[in-house]
Structures are given as C-alpha cells and as structure tokens.
Amino acid sequence: MPVEFELCPGRKIGGDHPCFIIAEIGQNHQGDIETAKKMIRMAKECGADCAKFQKSELEYKFNKKALEKPYNSPHSWGKTYGEHKRHLEFSHDQFRELQKYAKEVGIYFTASGMDEMAVEFLHELGVPFLKVGSGDTNNFPYLKKTAQKGRPMVISSGMQSLDTMRRVYEMVKQVNPNFCFLQCTSAYPLLPEDVNLRVIKEFQTTFPDIPIGYSGHETGIVISVAAVAMGAKVVERHVTLNKTWKGNDHQASLEPNELAELVSSIRLVEKAMGSSVKRLLPCELACHNKLGKSVVAKVKIPAGTVLTLNMLTVKVAEPRGFPPEEIYDLEGKTLKREIEEDDSVTEEAIENYNTRTKC
C-alpha cells in the first residue's frame with residue numbers, strides 16, 4: 001500500500017506532496033444553490049484544493065420517527081427534523097449543477113456520502129474521492145461498500161477508538177489501497193484541550209503506510225497549522241460566509257479571510273519544514289563571515305613550539321583561522337612560524353597539518 005497516492009486527478013497526497021486543503025461547505029449554504037456557488041468560488045479564491053459538501057438520501061439515513069421528531073432549535077429550518085434536513089438537502093440535479101460550476105471555477109468537488117444510497121449517487125456522479133464522515137466510520141457495512149467503489153477515500157475518526165480505527169484499516173485495506181485517516185474530534189466548536197494532535201503521531205506510527213491528516217472543528221487557524229507541522233497531509237475545515245448565520249456549524253467554521261490565512265500559513269509552514277539535513281546554508285554565510293569565530297593565540301607563540309590548549313583561545317578574528325571545533329586537533333601540533341599574541345592561527349602556520357576531510 002502506498003504512503004502516497006493520487007487523491008484527485010493530477011493531485012497526489014502523502015510523501016513530500018503539499019497538504020491537501022478541503023473547504024468543507026457541508027450544509028452551510030443554507031439550502032440556497034446560489035450561496036453554495038459563492039462558497040465554491042470563495043474556496044477557490046482562498047486557495048483551497050477542494051470544495052466539499054454533504055449528500056444524504058434522507059429516508060436511508062434516518063428512520064421515520066427521527067424525521068418526524070419536532071425540531072425547535074433556533075437553527076431549525078422546519079418544524080420537524082425532516083423538514084429541517086429537506087430544506088438543506090440539494091437534489092441530484094442541483095449537485096450536478098454544483099459539480100459543473102466547480103469545474104468551471106477550477107476546484108475539485110466532492111461530498112461526504114451520509115448513507116449508502118448517497119454514496120451510490122456520488123459514485124455515479126464521478127467525484128474524485130469519497131469522504132467518510134465520523135458518524136459512518138464504524139458503520140462497517142457502509143464502509144465496505146464505499147471501499148468497494150474503488151475511489152480514493154478520506155476517513156474521519158471522530159468518536160472512534162484506536163481499536164476501531166485498526167479494524168477500519170484492516171477492512172478497507174483488503175479492497176482499496178488508496179485511503180487516509182484524519183484525526184478528528186466531533187465537537188462544535190472544539191476546545192483546544194480536546195483536539196489531541198498527538199493522535200496524528202499515533203496514527204503515523206500505527207498506520208505507517210497511509211497518509212494521515214486532520215479534520216478540525218476548533219475556532220481559528222493555529223491548531224490546524226500545527227497539525228501540518230506534525231505531518232498532516234490533508235486538512236479539512238468547515239467554511240462559511242458568515243459565522244452569525246443560522247446553523248450549528250457556522251460558529252466552528254472559517255470565514256473567507258480566515259480560510260485564506262489558513263492556506264497561506266500552511267504553505268508557509270511547508271516551506272519552513274525544509275530539509276532534515278543539518279548543514280551550513282548559503283543564507284548563513286553573511287552571518288558566519290561576520291560573526292564566525294576562529295582559533296587565536298592567547299600569548300605570543302615562537303616558531304617550533306608544540307601547541308598546548310592553554311596557548312589558544314577563540315575569538316571573532318581577522319583573518320579567519322581554524323574554526324573553534326578544530327581547537328583540540330591543534331593540540332600537539334608544531335608551529336612553522338611565530339604567531340603574535342591575539343593573531344589568528346592559520347593552516348600555513350602549522351607544520352605538516354593535514355586538513356580533515358569534511359562530510
């Protein structure tokens with residue numbers, strides 16, 4: 001199974017590829033397709049890689065009593081939960097319209113299939129990957145059927161244990177090699193003490209052959225940026241045009257300026273991650289040339305003297321002499337010529353000195 005794979009046509013995740021940033025529009029469009037289009041364009045303009053929605057076939061996701069239950073929340077769009085959800089649910093034709101619009105805008109488009117029939121529709125729609133929301137991660141029949149579609153999968157882990165995630169891994173791995181896990185805590189908004197970014201490292205250790213990412217419901221962007229610094233290869237955040245709008249998710253969502261800042265901050269951190277090779281860099285040469293220290297004579301040392309450490313010290317000096325880390329190598333060496341007190345100790349002053357090969 002690859003540590004990296006193609007999540008969308010022409011776009012790989014994992015390895016050294018840039019973090020894939022998902023703008024989760026969800027149902028923050030308020031049930032209005034024009035608002036949804038504005039949010040797709042906003043996601044693109046802010047630099048996100050993907051605009052993601054949620055798709056449900058309500059009679060397959062909820063039983064009759066759940067849909068008929070009164071829903072008196074200030075966030076309600078109807079008298080019952082069913083009326084509320086129907087207001088927010090786009091039709092198949094509307095999803096096709098949104099998919100077409102996203103293609104015109106130039107951003108990847110997908111959705112979380114919230115039930116098996118929704119997954120069937122999204123598969124027929126031809127989305128590049130299927131997102132498994134936390135509520136279905138332990139829904140093994142759903143998970144197996146979704147994996148069998150053969151499309152790449154992004155699987156959230158909210159409300160799940162590590163043992164459950166191991167079972168998910170084994171089940172999906174048997175039929176679909178291209179999937180990743182997202183560390184996620186299902187609370188809106190999410191408090192920092194409940195984020196548990198260390199789970200990213202635990203997932204990386206437990207599942208070393210799949211990319212690991214982060215789906216965040218916290219306020220602000222700092223924690224999501226930290227997730228990338230810890231190795232998250234996918235970041236998903238809810239987005240909104242206005243946090244004061246009616247709806248449970250808006251408060252934990254990012255407005256356009258925050259999404260743009262998140263994207264730019266992630267890209268900046270990716271640059272800063274750089275290389276694991278520690279060496280003197282070209283950008284350090286000016287500082288090194290100005291402030292780098294050299295071995296100098298603590299006292300006047302006559303020609304022919306065998307050097308001892310008490311004759312030497314370290315200072316910023318002109319001209320440049322031996323670097324400080326070679327001071328112990330000079331002990332026992334013989335001078336070819338006299339060195340005045342406070343002068344640099346240079347190679348040409350040392351008898352039979354062989355410069356050590358540097359790696």
Side-chain angles (χ1 to χ4, degrees), residues 22-43 46 48 50-92 94-95 97-98 109-115 117-118 122 131-137 139 156-159 182 184-195 215-221 223-224 236-259 262:
I22 301 172
E24 164 67 301
I25 295 169
Q27 294 189 323
N28 279 354
H29 48 69
Q30 313 300 81
D32 181 75
I33 194 165
E34 294 306 317
T35 299
K37 289 179 179 179
K38 289 178 182 178
M39 297 184 77
I40 290 172
R41 180 168 291 279
M42 177 270 287
C46 290
C50 179
K52 190 179 82 66
F53 290 79
Q54 295 174 8
K55 184 71 185 91
S56 299
E57 302 295 344
L58 297 180
E59 285 70 24
Y60 289 90
K61 181 179 179 182
F62 302 98
N63 71 3
K64 187 175 181 181
K65 289 184 178 179
L67 291 173
E68 292 175 348
K69 183 178 179 180
Y71 192 49
N72 299 318
S73 166
H75 298 300
S76 174
W77 294 94
K79 293 180 180 179
T80 65
Y81 197 63
E83 290 178 4
H84 166 76
K85 295 300 290 185
R86 288 185 185 95
H87 173 83
L88 294 171
E89 196 64 43
F90 287 139
S91 68
H92 289 190
Q94 287 175 314
F95 257 86
E97 184 178 343
L98 291 173
F109 172 91
T110 194
S112 299
M114 311 301 280
D115 54 79
M117 291 304 295
L122 293 172
K131 170 68 195 301
V132 177
S134 294
D136 280 307
T137 298
N139 182 352
S156 281
S157 62
M159 304 177 287
L182 306 186
C184 177
T185 303
S186 297
Y188 305 80
L190 174 61
L191 297 176
E193 56 266 31
D194 293 324
V195 172
S215 179
H217 304 127
E218 73 278 3
T219 57
I221 70 166
I223 291 171
S224 295
E236 177 186 63
R237 288 297 304 270
H238 287 256
V239 297
T240 181
L241 296 179
N242 191 328
K243 290 185 182 184
T244 66
W245 280 356
K246 183 164 70 173
N248 291 309
D249 288 347
H250 292 287
Q251 189 179 354
S253 299
L254 300 178
E255 291 183 338
N257 63 316
E258 294 174 300
L259 178 60
L262 173 67

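Between Leu259 and Met42, the shortest heavy-atom contact is CD2-SD, 3.7 Å. Nearest approach of Leu122 to Ser112, heavy atoms of both residues: CD1-C, 4.0 Å. Counting all heavy atoms, side chain and backbone alike, Gly133 lies closest to Ser156 at C-CB, 4.4 Å.
When the salt bridge (charged side-chain N to carboxylate O under 4.0 Å, His left out) test is applied to Glu193, no partner is found at least two apart in sequence or on another chain. Looking at residues two or more places apart in sequence or on another chain, you find a side chain to side chain donor-acceptor pair (under 3.5 Å) between His92 and Glu57. Take Thr240 and apply the side chain to side chain donor-acceptor pair (under 3.5 Å) test, not counting sequence neighbours, and it matches His250. With sequence neighbours left out, Thr35 forms a side chain to side chain donor-acceptor pair (under 3.5 Å) with Asp32. With sequence neighbours left out, the side-chain contact (heavy atoms from CB on, under 4.5 Å) criterion links Thr244 to Asn242. Residues satisfying the side chain to side chain donor-acceptor pair (under 3.5 Å) criterion with Lys243, sequence neighbours excluded, are Glu258. Looking at residues two or more places apart in sequence or on another chain, you find a side-chain contact (heavy atoms from CB on, under 4.5 Å) between Ile223 and Pro192, Val195, Leu197, Tyr214, Glu218. Residues satisfying the salt bridge (charged side-chain N to carboxylate O under 4.0 Å, His left out) criterion with Lys37, sequence neighbours excluded, are Glu34, Glu97. Scanning for side-chain contact (heavy atoms from CB on, under 4.5 Å) contacts around Ala66 gives Phe62, Asn63, with sequence neighbours left out. Qualifying salt bridge (charged side-chain N to carboxylate O under 4.0 Å, His left out) partners for Glu236, counting only residues two or more places apart in sequence or in other chains: Lys52, Lys131. Shown here are the side-chain contact (heavy atoms from CB on, under 4.5 Å) partners of Thr219, two or more places apart in sequence or in another chain: Pro189.
Panel note: side chain Ser56, backbone Met114; no donor-acceptor pair is recorded below 3.5 Å. A donor-acceptor contact shorter than 3.5 Å links the side chain of His217 to the backbone of Thr185. Side-chain N or O atoms of Gln30 include one that pairs as donor or acceptor with a backbone N or O of Lys246 at under 3.5 Å. Between the Ser73 side chain and the His75 main chain, a donor and an acceptor come within less than 3.5 Å of each other. Between the side chain of Ser157 and the main chain of Leu182, a donor-acceptor pair closer than 3.5 Å is present. Here the side chain of Asn28 pairs a donor or acceptor atom with the backbone of Val239 at under 3.5 angstrom. Under a 3.5 Å cut-off, the side chain of Asp136 and the backbone N or O of Asn139 do not form any donor-acceptor pair.
Thr80 has its side chain out of reach of Leu67: every pair of non-hydrogen atoms, C-beta onward, lies at least 4.5 Å apart. Residues Glu89 and Lys55 are in side-chain contact: their nearest non-hydrogen atoms beyond the backbone lie under 4.5 Å apart.
Distance CG/Leu88 to NE2/His29: 6.5 Å, rounded to 0.5 Å. Going from atom OG of Ser186 over to atom CG of Asp194 covers 11.5 Å, rounded to the nearest 0.5 Å. The CD atom of Glu24 sits 10.0 Å away from atom OG1 of Thr110, with the distance rounded to the nearest 0.5 Å. One finds the CD1 atom of Ile22 at 10.5 Å from the NE2 atom of His238 (value rounded to the nearest 0.5 Å). Here the CG atom belonging to Leu254 is positioned 9.5 Å from the SG atom belonging to Cys46, to the nearest 0.5 angstrom. With rounding to the nearest 0.5 angstrom, the OG1 atom of Thr137 is 7.5 Å from the CE atom of Met159.
Between Phe95 and Phe109, the ring planes are perpendicular. Angles over 60° get that label, and only those under 30° would be called parallel.
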Exercise. Would Phe53 and Ile40 satisfy side-chain contact (heavy atoms from CB on, under 4.5 Å), going step by step from the backbone distance to the final call?
Worked result: CA-CA 10 Å; Phe53 290 79; Ile40 290 172; 3.8 Å; yes
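No more than 12 heavy atoms of other residues, nucleotides or ligands lie within 6.0 Å of OH in Tyr60, so this atom counts as exposed by the packing criterion.
The salt bridge (Lys or Arg N to Asp or Glu O under 4.0 Å) pairs that include a residue from residues 68-86 are Glu59-Arg86, where partners are two or more places apart or lie in different chains.
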